[in-house]
Number of protein chains: 2
Amino acid sequence: MARRSDHSREELYELALDAAAGIISKEGYSALTARRVATDIGYSPGTLYNLFANLEEMIFHLKGRVLDALFTALSKKTLTGNAEEDVMKLFDEYLAFFKGQPEFRTHLFEPMALPASDLPDWYRQKITNLVDILETALAPLFPAGTTERAKAAHVLWAGLYGISSLDASGQLQLVSKTDARNMAKSLATNFLAGLATDTHSRGKK
Amino acid sequence: MARRSDHSREELYELALDAAAGIISKEGYSALTARRVATDIGYSPGTLYNLFANLEEMIFHLKGRVLDALFTALSKKTLTGNAEEDVMKLFDEYLAFFKGQPEFRTHLFEPMALPASDLPDWYRQKITNLVDILETALAPLFPAGTTERAKAAHVLWAGLYGISSLDASGQLQLVSKTDARNMAKSLATNFLAGLATDTHSRGKK
DNA sequence: AATAATTATTAAACAACGTTCAATTATGAT
DNA sequence: ATCATAATTGAACGTTGTTTAATAATTATT
């Protein structure tokens, strides 16, 4: 019942998130409890409440970490200038990132069940950064900074999110034999081909 | 501490799911507890465990109900034979279905966090039925029963799921001003246009 | 250097949760 | 009428998230 100073506040923060991630990947999301994290880092549950407002906030910060890690993975990819090829490159990396870690995909990559206005700026920014990578891959197809480009990036982002979501939950294999990569490729190819026809011929309907 | 027979097993089942849905829509998902449902239907918590193995299973059945309701809503739409128009009709109905009920979309339309092989057949069937509606709308574009048609339906389904997911969590408004319907339209239009080019010209790469 | 203020840490407690179970009583079968 | 079966319950168990008063280490002030 005393002060310790074995770790700084920042160290404690990292320690807690490390422990939380380890628990989830080794024993599943349901094993993640405040007491368990506290035990694993050698502190009492109360200490966690000095770092985070509550468990939910701790998990929220863990989600932030996942966004960071995905950003790092996607950033490593070098783009060729061929939009379709580059989009597919990013799609592949995205799917690979979560492969073998369905627990992370299922529980740490979901949107919050909260009004978006309550999302802190640092979290919004992490998402924006991710979508921006995709938008960059679309640069060859659009003049810079157009709303069309942003919109296309968002549709691709949301579409891939959906594919990855159904894949992680095993729902893809329910109905079709098509795997996630196959579907992602179909999305990228056809959506981009469709964009091309839009740009060229304006007299559709 | 006695037997009652005020309601049959089936009535009790419906009563419980009614109560659960009411609690969620009125007070949010976090208010949904076994004790609360029991209180609302005038039984003790133990009775719920005579109906369902556990709370999770009860929620699972509630999810089945949501799938049924969505199926009913989508089935009412009459298709015109114009694929793009019909797909958009279905997309609109889908988005409208969850509008104003984000709690349902967020918590009762998520894939399970379980191995797909554990999903009971009745649940798989409900999902299949939904995707089949979408596949029907693609009939004008493909010979019946082709894997291409099924695949296209699944990509559209997953894509819409992603859009609706990010929308429900408010993440769409985070980065762009494009709303869900707008994005759904972009997905439908461009993906279908892309499909058309695929069918016609086979000499891409 | 001594004292005061602040901060980190903890053990213990609280209320609420999911779930189980022995006891009890109504129903259905013999 | 009797027996078996099934439904219902209250009470209990273990666990959870969270709060709090007490305690001791650090930091600030003099």
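Lettering follows sequence order; numbering is per chain, from 1. Owing to the predicted nature of the structure, the values given are computational and were not obtained by experimental measurement.
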Practice task
Remember a base hit wins even if backbone is also touched, and classify B:Thr33 as base, sugar-phosphate or nothing at under 4.0 Å, heavy atoms.
Solution key: sugar-phosphate
Exercise for the section: With the side chain counted from C-beta on, respond yes when A:Ile41 and A:Thr47 share a heavy-atom pair under 4.5 Å apart, and no when they do not. Expected result: no
Exercise for the section: Could you state the atom-to-atom distance from CG of A:Asn50 to P of C:dT6 in whole Å? Expected result: 16 Å
Handout entry: Rounded interatomic separation in angstrom, taking CD from B:Glu56 and P from C:dC17
Key = 18 Å
Problem - Rounded distance in Å - NE2 (B:His7) to P (D:dT9) - result: 11 Å
Handout entry: Worked check of side chain to side chain donor-acceptor pair (under 3.5 Å) between B:Ser44 and B:Arg35
Key = CA-CA 7 Å; B:Ser44 81; B:Arg35 284 176 164 89; over 6 Å; no
Exercise for the section: Have a look at A:Leu12 and say if it touches a base, only the backbone sugar-phosphate, or nothing, with a 4.0 Å heavy-atom cut-off. Expected result: sugar-phosphate
Practice task
Say whether B:Gln101 and B:Ser25, considering side chains only, have a donor N or O and an acceptor N or O under 3.5 Å apart.
Solution key: no
Problem - Nearest-nucleotide pick for B:Arg9, side chain only, options being D:dT8, D:dA7, C:dT10 - result: D:dA7
Exercise for the section: Would you check if there is a donor-acceptor pair between the side chains of B:Asn129 and B:Gln125 at a distance under 3.5 Å? Expected result: yes
Completion exercise
Rounded to whole Å, CG of A:Leu51 lies from C1' of C:dT7 at a distance of 13 Å
Completion exercise
Of the candidates D:dA7, D:dT9, D:dT18, the side chain of A:Leu55 sits closest to D:dT18
Practice task
With heavy atoms under 4.0 Å as the rule, sort B:Ser5 into base, sugar-phosphate or nothing.
Solution key: sugar-phosphate
Exercise for the section: Let me know the distance between OH of A:Tyr13 and P of C:dA8, rounded to the nearest Å. Expected result: 17 Å
Problem - Whole angstrom value for the distance that separates C1' of C:dA8 from CG of A:Leu15 - result: 15 Å
Exercise for the section: Report yes if the side chains of A:Phe109 and A:Phe97 come closer than 4.5 Å at any heavy-atom pair, otherwise no. Expected result: no
Exercise for the section: Quick one: label B:Ser44 by what it contacts on the DNA or RNA (base, sugar-phosphate, nothing), any heavy atom closer than 4.0 Å. Expected result: base
Handout entry: Base of C:dT7 paired with side chain of A:Arg3 (donor-acceptor, under 3.5 Å)
Key = yes
Practice task
Taking only the side-chain nitrogens and oxygens of B:Arg4, find out if one of them lies under 4.0 Å from OP1 or OP2 of D:dT9.
Solution key: yes
Completion exercise
Here the distance between atom P of D:dT19 and atom CG of A:Leu48, to the nearest Å, is 13 Å
Handout entry: Sugar-phosphate only, base, or nothing, as touched by A:Arg35 at under 4.0 Å among non-hydrogen atoms
Key = base
Handout entry: Distance in angstrom units between A:Tyr49 OH and C:dA13 C1', rounded
Key = 14 Å
Exercise for the section: Specify the residue among B:Ala31 and A:Tyr43 whose closest nucleotide of DNA chain C lies further upstream toward the 5′ end. Expected result: A:Tyr43
